[in-house]
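Structure, as structure tokens:
Residues: numbered from 1 along the sequence shown. First listed ligand is number 1; within each ligand, the first listed atom is number 1. Hydrogens, waters and symmetry mates are skipped; everything else that's a heavy atom, side chains included, is used.
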Amino acid sequence: MTSSLILVEQFGPVRRLSLNRPDARNAQSQQLLEELDAQFDAAQADAQTRVVVLGAIGAHFSAGHDLKQAQAERAEFTVEERWAYEQKIYFQYCMRIWDFPKPTIAQVQGACVAAGFMLANMCDLVVASEDAFFSDPVTHTMGAAATEVLIHPWVLGLRQAKELLFTGERIGAAEAKAMGMVNRVVARDALEAQTLELAQRIAKAPPFALQVLKKSLNRSMDVRGMREALSAHFDLHQLSHVSEEYRRTKEAGLASAIVRGAGA
Ligand code: ZN
């Protein structure tokens, strides 16, 4: 059941998938994202699994994409190569979680930054521990136009999203709850139990009804243009990857960005 970078646990009808690179603050390498996508395939196919919890091992949910790997393997990517790579590994892998036909809950502690922010917000609900914090600093640190999936205004509201992105500053769990992005804030030592309890309660509902209810709820965002807006942002995000600003900011800032383990 367990692949190397994703820990898989079953609690009756609830399956928990946990990012399992705690020494790297769960930086999302290509291998981690491919394994996570494969585990969502498996959870989708498993009739016993009715709810999926997306958690993380260690002190932090995720500090973002694995910038060391990006620098080592993709620094010289052409426009065409980066487009294809990010379209599949970042954008489509995220959107399949948004579109996953069973309810999902993000279980978040510590840093939830950049691509970590993006990934957690693909889930239907978010439960955060009191020490959790959220940010997307990559415009400041990398000169990139935010992360690939601009989910921020859809989960935060436009003004809150603008402040978060324009400043690059972090918001705490209680603040994120007040903004409507987080459903519940719990003590760190109660995070797993409270998230699982919520998941078990949801899992009692008939699964087909839940599936189509989720589809309808997500469509309420689609009719407001969410999917088109996300797709359009992906295009401009790619443009920002080939700007002079990006090149200069990355050259000046990548070393410190790597130290923080977060990036676009
Ligand atoms: Zn990117």
Side-chain angles (χ1 to χ4, degrees), residues 5 19 21 24-37 60-99 111-122 134-156 161-162 164-170 226-264:
L5 296 177
L19 313 180
R21 269 192 100 192
R25 303 209 306 169
N26 291 312
Q28 298 166 34
S29 61
Q30 181 176 346
Q31 186 192 358
L32 181 143
L33 289 171
E34 286 172 345
E35 287 186 18
L36 182 62
D37 190 61
H60 302 286
F61 180 79
S62 175
H65 287 146
D66 186 336
L67 272 187
K68 289 181 186 169
Q69 184 183 42
Q71 177 66 13
E73 299 175 11
R74 300 193 299 278
E76 304 306 321
F77 261 15
T78 63
V79 169
E80 293 91 328
E81 287 168 336
R82 184 184 287 105
W83 185 291
Y85 184 88
E86 296 202 349
Q87 177 83 23
K88 178 183 177 192
I89 307 291
Y90 297 164
F91 192 85
Q92 289 174 358
Y93 280 5
C94 270
M95 292 308 292
R96 78 84 42 99
I97 299 174
W98 181 268
D99 291 324
C112 186
V113 172
F117 181 102
M118 181 169 86
L119 182 63
N121 276 299
M122 292 298 107
F134 302 85
S135 72
D136 185 344
V138 302
T139 300
H140 281 258
T141 57
M142 306 278 292
T147 40
E148 289 75 16
V149 182
L150 194 68
I151 194 68
H152 315 56
W154 301 95
V155 295
L156 277 169
K162 283 178 174 173
L164 180 95
L165 290 164
F166 289 178
T167 65
E169 290 170 1
R170 58 173 69 173
M226 188 191 89
R227 209 170 290 264
E228 282 303 305
L230 295 181
S231 178
H233 171 72
F234 180 82
D235 297 348
L236 286 182
H237 173 89
Q238 294 306 308
L239 181 66
S240 76
H241 269 310
V242 291
S243 70
E244 277 304 294
E245 281 185 359
Y246 178 81
R247 187 184 60 75
R248 285 198 300 267
T249 312
K250 198 178 70 147
E251 282 173 3
L254 188 61
S256 60
I258 285 175
V259 170
R260 288 192 300 277

Side chain to side chain contact (heavy atoms under 4.5 Å, CB included) evaluation trace for Arg74 with Arg82: CA-CA 8 Å; Arg74 300 193 299 278; Arg82 184 184 287 105; over 6 Å; no
Vertex the Zn ion (ligand 1), rays to NE2 in His241 and OE1 in Glu86 - rounded to 10°: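 Rounding to the nearest 10 degrees gives 100°.
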Aromatic plane relationship, His237 with His241 - under 30° parallel, 30 to 60° tilted, over 60° perpendicular: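 Rings of His241 and His237: perpendicular, over 60°.
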For the Zn ion (ligand 1): the N/O/S atom of His237 at shortest distance: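 Closest N, O or S atom of His237 to the Zn ion (ligand 1): NE2.
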Atom name, Glu148 (N, O or S, nearest to the Zn ion (ligand 1)):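 It is OE2 of Glu148.
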Sub-6.0 Å ring centroid separation between Phe234 and Trp83: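 So the answer is yes for these two rings.
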Polar side chain donor-acceptor pair, Glu86 to Gln238, under 3.5 angstrom: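 The criterion, which ignores hydrogens and geometry beyond distance, is satisfied for Gln238 and Glu86.
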